[in-house]
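Structure first, then comments.
Quick note: numbers below take in every heavy atom, side chains included, and nothing from hydrogens, waters or symmetry partners. Reminder, nothing fancy here: chain letters follow the sequence lines and each chain counts from 1.
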2 protein chains.
Amino acid sequence: MDPAKPSQELLRSLTDEHVLRALMRHRLLTRAELSTETGISKPTAGESVRRLTEAGLVVDTGRRTPGGRGRGRVGSYYSLAPDVGTALAVSIAPEGVVAECHNAYGDLMARAQEPLGRPARPDDVTAALARAVDRVRQLAGEQPEAGTIHESPSNGVDPSIRPASPGPKPRLAVVSAADPVDRQTGRLLQLPDAPFLLGEIDPVAVLAGRVDGPVHVDNDVNWAAEAEWAAAPVDDFAYVYLDEGLGCAIVSDGEVRRGHRGVAGEVAHLITVGPGGRAMPLIEVFGELGLRCAGSTAIDVGRVLEERPPAVVTAVGGLIAALATLIDPEMVVIGGRWGMQLIDRIDQEVACSPRPVPVRAAKVQHEPALAGARTDALHRLRELIVGR
Amino acid sequence: MDPAKPSQELLRSLTDEHVLRALMRHRLLTRAELSTETGISKPTAGESVRRLTEAGLVVDTGRRTPGGRGRGRVGSYYSLAPDVGTALAVSIAPEGVVAECHNAYGDLMARAQEPLGRPARPDDVTAALARAVDRVRQLAGEQPEAGTIHESPSNGVDPSIRPASPGPKPRLAVVSAADPVDRQTGRLLQLPDAPFLLGEIDPVAVLAGRVDGPVHVDNDVNWAAEAEWAAAPVDDFAYVYLDEGLGCAIVSDGEVRRGHRGVAGEVAHLITVGPGGRAMPLIEVFGELGLRCAGSTAIDVGRVLEERPPAVVTAVGGLIAALATLIDPEMVVIGGRWGMQLIDRIDQEVACSPRPVPVRAAKVQHEPALAGARTDALHRLRELIVGR
DNA sequence: CATTCTAGTCAAGGCTCTTGCCTGGAAAGG
DNA sequence: CCTTTCCAGGCAAGAGCCTTGACTAGAATG
């Protein structure tokens, strides 16, 4: 049965949800402001605040309405309780591991980075992941209490004052990994001819003891597409990532579609047009042209950018044509180092194809995968708090 | 703001929705049965029945609880009002037009078929569509009242008794067409090298005056996939249709994904492996092998089945490999005449590919597109009745 | 110091839901 | 035939949630 059972309790929980969401948007509100903000009547809003305060989700900040605002009676500002919890967003890439901790308002509470040697060995990655997460918990524990307004903390938090407490565990984690991810288990998967830069890692196992709730892992390109969608919501598009590895994310009807195992868009083995018009898997085009790094599956980005071989553009054109026929996107977004550099050539190639699609460069340039993971982590944290 | 605003009216409408849905499932219920069925208390259920009766959505059938059931007081059986409306499901294919009218229980009220000449001319198709819909409305108007239980009527309704009334207009229509459909306008679209069997038809325009509500048009393969999903719910699969035309439907996360224009899965121009290992569009493989009907874009099914050329199987393997990489389906379902006949060959081909996917034949064999359209029409009618 | 304005509370009223009891009527059983 | 058993439906009481409207307390304005 789809619709919720009608009951008075349902109404009450809906009211509480509205109040909590209003506080997430505005961080500091009086009961009267909550009432106008949510459209709920004053007594009901006040009652909800009483309930939520009792439950420990909301606190009276002690602050009162500033004198400048008007003449009336002073009001009490309420906000989310500082212990409603935080969300962890983690990015695992060949360059290193980045972990961020955010509160329910989306404030960055702490951030930690751990570099990785190249090539990264699986054990090193796992250790770096653990260190980054431990460090970010440590830093978050040193933060001034949430609930009082403070500047988004920069990285330069003084590490000399180090209280014993490592800070409370985040209530969930969202992890981005620069490799295919198994949708069921969250483990990194080695696929034939797909890039495999990090090794067989199990982020869920590493984070299980460090997070007090669910751990969601997905491929970095999927998260980048999520960030791209947040920046410019287009319901149907494909995100093609062209760098050391080849990736692709598919957004249909406003959501990233991951497929059964979670490896939708692992395009390395897609059959496309190779040199001389022969049909061959996309990744083999690079092999034929001698553009793969020795002893690894990675593409030699420097050489691609030097030589800019037309055969590569043709091969990418074949990939985009396949996307156009199977997915019917409104546009194709190109990310990754050599993809963005060659975007004009790719655009020309696609424009002459029988099913042309607009091609444009990714808008989110700075840490796109982490940005997507962060957005998702924040969304999930909020859902958790309102009790969905 | 996502969650509904809490109000007493919300509770009431939720109760009414539960009652209506229970009546849709069970067609005939007393107030006491409604109460136990929905989990709502007796007085509340009774009050809802009173409201809905007053609103004309529910009627007292006059029938009373049968003696055999127990000793207690007799109860009144309620059911949906006979005029809550009907849904129209229409299939337009080269073989002809089929129109069906269903009530909210899913009973077939009437059915009409109109053959088409081959090749079908657009004007003929439009006229046949109009005739089929008019005829089905006529037949539905002759039906005994809904609400009293009756057998699913067979096709052989005596046309001699013909009352003047053409029957009320259906509240919505869902149309399947054997050609690409524009998602925004519902018109049939001619794409380069895609099969175009019916011509430039605008079903929305034809049905606008004949239906008292929205008209939804989509490609027949998408509807077939919908029916396949209803028969065996698999969240992620692809439906490949291999007949005169080449089609493909994509189901991700339990929904058919149509893409931006609605032409996701129009695979005729997908680049695959052609004869001699050359890369070429799928449909051109048939051109190269001389397997297309003269003077049309259609594939000569008879010749394909006679010759069973390995090159065709290889080309289809390339299509499925592309689906596997881009969509990551749990399985691929094969439909269409020659596709089903060659399924073993296709399965072998896919099994040796680097990303093998289980391949199986379509389970819904009888009018699959109409079955999907019917399911969807029924679902939409019910949503309309409960007032979503 | 009176006025004006506003946050928060109180009181009344309306709805909706639930529990529990009662009633009328039919079958079952002696 | 009369009593018992059983059940659909209705009634009454009660609790909970939301709303309107009035009231109160407290601060700034003039």
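Salt bridge annotation for R12(B)-D16(B): absent, with no cationic side-chain nitrogen under 4.0 angstrom from a carboxylate oxygen. At a threshold of 4.0 Å, the pair R137(B)-D212(B) does not count as salt-bridged, since none of the basic side-chain nitrogens sits closer than that to a carboxylate oxygen.
Within 4.0 Å (heavy atoms only), S41(B) reaches at least one base atom of the nucleic acid. Contact annotation for S7(B): no contact, since no heavy-atom pair falls under 4.0 Å across all strands.
Distances from the side chain of I40(B) to the nucleotides dA26(C), dT18(C), dC15(C) place dT18(C) closest. Taking every side-chain heavy atom of T15(A) into account, dC18(D) is the closest of dC18(D), dA7(C), dG9(D). Among dC7(D), dG8(C), dG21(D), the nucleotide with an atom closest to any side-chain atom of P43(A) is dG21(D). For L11(B), whose side chain is taken as the heavy atoms from C-beta onward, the closest listed nucleotide among dC18(D), dC11(D), dT16(C) is dT16(C).
Spacing between atom CG of D16(A) and atom C1' of dG16(D) amounts to 14 Å, rounded to whole angstrom units. One atom, CZ of R12(A), and another, P of dA15(D), lie 16 Å apart when rounded to the nearest Å. The separation between E9(B) atom CD and dT19(D) atom P is 12 Å, rounded to whole Å. In this structure, CD of E17(A) is placed 17 Å from C1' of dC18(D), rounded to the nearest angstrom. Atom P of nucleotide dA11(C) and atom CD of E47(A) are separated by 14 Å, given to the nearest angstrom. Distance CG (L14(A)) to P (dC17(C)): 15 Å, rounded to an integer number of Å. Look at CG on L10(A): it is 14 Å from C1' on dC18(D), rounded to the nearest Å. Between L34(A) atom CG and dT6(C) atom C1' there is a gap of 16 Å when expressed in whole angstrom units.
The phosphate of dA7(C) has neither OP1 nor OP2 within less than 4.0 Å of any side-chain N or O from R64(A). In terms of phosphate contacts, S76(B) brings no side-chain nitrogen or oxygen within less than 4.0 Å of OP1 or OP2 of dA8(D). Side-chain nitrogen and oxygen atoms of R31(B) include at least one within less than 4.0 Å of the OP1 or OP2 phosphate oxygen of dG10(D).
Other residues, nucleotides and ligands place no more than 12 heavy atoms under 6.0 Å from the CD atom of E9(B). Surrounding NE2 of H379(B) are at most 12 heavy atoms belonging to other residues, nucleotides or ligands under 6.0 Å away.
Taking for each of K5(A) and A32(A) the nucleotide of DNA chain C with the nearest heavy atom, the 5'-most of the two is the partner of A32(A). Two residues, K42(A) and R73(A), neighbour DNA chain D, and the one matched to the more 5' nucleotide by heavy-atom proximity is K42(A).
Although no hydrogens or angles enter the test, the distance criterion places no donor-acceptor pair under 3.5 Å between the side chain of T86(A) and the main chain of H102(A).
Q8(B) contributes a side-chain N or O that forms a donor-acceptor pair with the base of dC15(C) under 3.5 Å.
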